[in-house]
> 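Sharing a structure with you now.
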2 protein chains.
Amino acid sequence: MGTATAATTRPMRADAQRNYDHIVEVASDAFAEHGVLTSLDDIACRAGVGPGTLYRHFPTRDSLIATALGDSVDRLDTLAAGLKASEAPGEALHEWMLALAMHLRTYDNLPESIAEAFRRDDSPLRNSCFPLTDTTSVLVARAKAAGELRDDVDPRDVFALVSSVAWAAQRRGGTDADLKRMLSLATTGIR
Amino acid sequence: MGTATAATTRPMRADAQRNYDHIVEVASDAFAEHGVLTSLDDIACRAGVGPGTLYRHFPTRDSLIATALGDSVDRLDTLAAGLKASEAPGEALHEWMLALAMHLRTYDNLPESIAEAFRRDDSPLRNSCFPLTDTTSVLVARAKAAGELRDDVDPRDVFALVSSVAWAAQRRGGTDADLKRMLSLATTGIR
DNA sequence: CAACGATACGGAGACTGTCTCCGTTTTGTC
DNA sequence: GACAAAACGGAGACAGTCTCCGTATCGTTG
């Protein structure tokens, strides 16, 4: 991803593509610095475009977040491919849960936005998470099959649990140590 | 609590007390119906007072939430007294964690507000939670002493974990069953 | 390369919610 | 009944979201 284009339809006009790319770039920085709740008009301003232009390209905050997260999701997908082939499904699941939790820390308040997106249909942010929930399901199933995870665990609960740990850790200090400790606390019970 | 008064200083003037009580009453309803993020001006309007009056009594949203939660916290305190004397500390801790999680579901978005309050000093909402964190500490210590809980568990992490489970469960459907299932998933590992 | 239609821009401004300031009203006391 | 202190309330400043539409830019066609 990185420089996304609506390749399905007619290609974007040159100026539109330029603005689109610049907005995403600025948004990534702004989200990283101030969290996903930062002012969108401010992002537009910093990107040197009017609010109208931003909202035309990204009708909702979610759509902008989803696009800004593109690279991080791609990286997770690469990791997922390896983990799905792992010969130690239990460990693979653990590694995945940690990676997922780290991903959810990409921006401040991201877990809230994603959780919110899951309550709406057709949210672009929700759609962008489907690869992640799918991978979670696969890894949970493999861990179960290997007898390394209880049979009664719902993969959706696992995703929710990881989200909630990421959420909690961010408010408990936000360091890697906080995240790992909280995740360990919450998952030791899984086996 | 219920009808709180600044009893430490001079008693409130009659009209002020009347407005104060009415605001809290209306706020409880509004929070219950629309969550803690509902419009404060709207609460003022429904309570038949001007915005100025509301903000004079409750300078921050947190202070209003804290007051509105008074009754629920009182009920938890009563429960806590019994649990602290329980002869089954492990079970007592579990029961407490469930009660705490239910409390955090009193209003929509309450876990977020409380977590946020914990990042600020002198937030009234944070202060109103101290009895709860204290009880958590006591019950965690007792469970440890009885050998029913790992020694390396930080009570603050326990509180954070319960908050995060309440948060996650609310976004996973919000039913009692969702909450209990998620809590069980997250705590089975505690022992 | 001129010119035209389609595409995209951008900023003024409507709208919503937060929060404050200060002239007016209510209260309690002497 | 009158006076000072306490409290009221609403107009309005401010910030953020999002839209509408006149204007500018682009790409294509002759």
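Remember, predicted model here, so these are calculated numbers, not experimental data. Throughout, a chain's letter reflects where its sequence line sits, starting with A, and its residues are numbered from 1.
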> In terms of side-chain geometry, is the basic nitrogen of B:Asp152 or A:Arg181 positioned less than 4.0 Å from the acidic oxygen of its partner?
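So B:Asp152 does not pair with A:Arg181 through a salt bridge.
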> Please state how far atom CG in A:Asp15 lies from atom P in D:dC26, giving the value in whole angstrom units.
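It is 5 Å, rounded to the nearest whole Å.
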> For B:Asp62 and C:dC19, what is the distance between atoms CG and P respectively, to the nearest whole Å?
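Going from B:Asp62 (CG) to C:dC19 (P), I get 10 Å.
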> Ignoring backbone atoms, test whether B:Thr53 places a side-chain nitrogen or oxygen under 4.0 Å from the OP1 or OP2 oxygen of D:dA7.
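No, because none of the side-chain N or O atoms of B:Thr53 sits under 4.0 Å from OP1 or OP2 of D:dA7.
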> Evaluate the ring planes of A:Phe118 and A:Phe159, with Trp represented by its six-membered ring, and classify them as parallel (under 30°), tilted (30 to 60°) or perpendicular (over 60°).
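Correct class here is tilted.
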> Taking OP1 and OP2 of D:dC8, is either one under 4.0 Å from a side-chain nitrogen or oxygen of B:Asn19?
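Answer yes for this pair, as a side-chain N or O of B:Asn19 is under 4.0 Å from OP1 or OP2.
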> Quick one: OG1 on A:Thr53 to NE2 on A:His22, what's the gap to the nearest 0.5 Å?
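Between A:Thr53 OG1 and A:His22 NE2, I get 13.0 Å after rounding to 0.5 Å.
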> How long is the gap from CG on A:Leu93 to NZ on A:Lys144, to the nearest 0.5 Å?
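Between A:Leu93 CG and A:Lys144 NZ, I get 10.5 Å after rounding to 0.5 Å.
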> For A:His57 and C:dA8, give me the distance from atom NE2 to atom C1', rounded to whole Å.
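It works out to 7 Å between those atoms.
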> With the side chain of A:Ala16 defined as its heavy atoms from C-beta on, choose the nearest nucleotide among D:dC8, C:dA8, D:dA6.
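When the side chain of A:Ala16 is considered, C:dA8 is the closest of D:dC8, C:dA8, D:dA6.
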> Within this structure, what is the OH-to-P distance between B:Tyr20 and D:dG9, rounded to whole angstrom?
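Nearest whole value for this atom pair: 17 Å.
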> Between D:dC8 atom P and B:Arg18 atom CZ, what is the distance in whole Å?
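Spelled out: CZ on B:Arg18 to P on D:dC8 is 9 Å.
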> A:Trp167 and A:Val162: same hydrophobic cluster, using ILVMFWY side-chain contacts below 4.5 Å?
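A:Trp167 does not cluster with A:Val162.
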> Using heavy atoms to find the nearest nucleotide of DNA chain C for B:Arg13 and A:Val49 separately, return the residue whose nucleotide is more 5′.
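Its nearest nucleotide being more 5', the pick is A:Val49.
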> Output the single nucleotide from D:dG27, C:dC9, C:dT27 whose closest atom is nearest the side chain of A:Ala14.
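Among D:dG27, C:dC9, C:dT27, the one nearest the side chain of A:Ala14 is D:dG27.
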> Quick one: B:Leu64 CG to C:dT18 P, roughly how many Å, whole number?
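The answer, rounded to whole Å, is 11 Å.
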> What integer distance in Å separates B:Ile43:CD1 from C:dC19:P?
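One finds 12 Å between P of C:dC19 and CD1 of B:Ile43, rounded.
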> Can you say whether the rings of B:Tyr20 and B:His57 are parallel (under 30°), tilted (30 to 60°) or perpendicular (over 60°)?
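Aromatic pair B:Tyr20/B:His57 classed perpendicular.
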> Whole-Å distance between D:dC8 C1' and B:Phe58 CZ?
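Checked: the CZ to C1' distance equals 15 Å.
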> Dump every N/O contact between nucleotides 16-20 of chain D and the protein below 3.5 Å, one line per pair.
from: D:dT17; atom 1: OP1; to: A:Arg61; atom 2: NH2; distance (Å): 2.2
from: D:dT17; atom 1: OP2; to: A:Ser39; atom 2: OG; distance (Å): 3.3
from: D:dT17; atom 1: OP2; to: A:Leu40; atom 2: N; distance (Å): 3.0
from: D:dC18; atom 1: N4; to: A:Asp41; atom 2: OD2; distance (Å): 3.0

> Between B:Glu112 and B:Arg171, is there a salt bridge with N-O shorter than 4.0 Å?
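Yes.
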